[in-house]
Amino acid sequence: MNDFWRSCWKGLVAAILGIVMMGVGVYRGELAVVLEKAINLCLECIGIG
């Protein structure tokens, strides 16, 4: 079990840091901005917007 933690602790730390950063973005209200930009990009690509 010790070899397992030695080999993947960096990946676990990166995953946890990514989850924390996503939480900070949601808390700051950036989710709505990203969703709005994604919708606009999608509509422009298919020619509706």
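Quick caveat: nothing in here was measured; it's all calculated off a predicted structure.
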### Query
Measuring from Leu17:CG to Met22:CE, what's the distance to the nearest 0.5 Å?
10.0 Å
#### Entry: Leu41 CG to Ile46 CD1 distance, which is reported to the nearest 0.5 Å
10.5 Å
#### Entry: Identified side-chain contact (heavy atoms from CB on, under 4.5 Å) partner of Lys37 from the options Val34, Val33, Asn40
Val33
### Passing candidate, side-chain contact (heavy atoms from CB on, under 4.5 Å) with Arg28, options Val24, Val26, Leu31
Val24
### Query
According to a 4.5 Å side-chain heavy-atom criterion applied to Ile, Leu, Val, Met, Phe, Trp and Tyr, with indirect links allowed, do Leu43 and Leu35 form part of one hydrophobic cluster?
yes
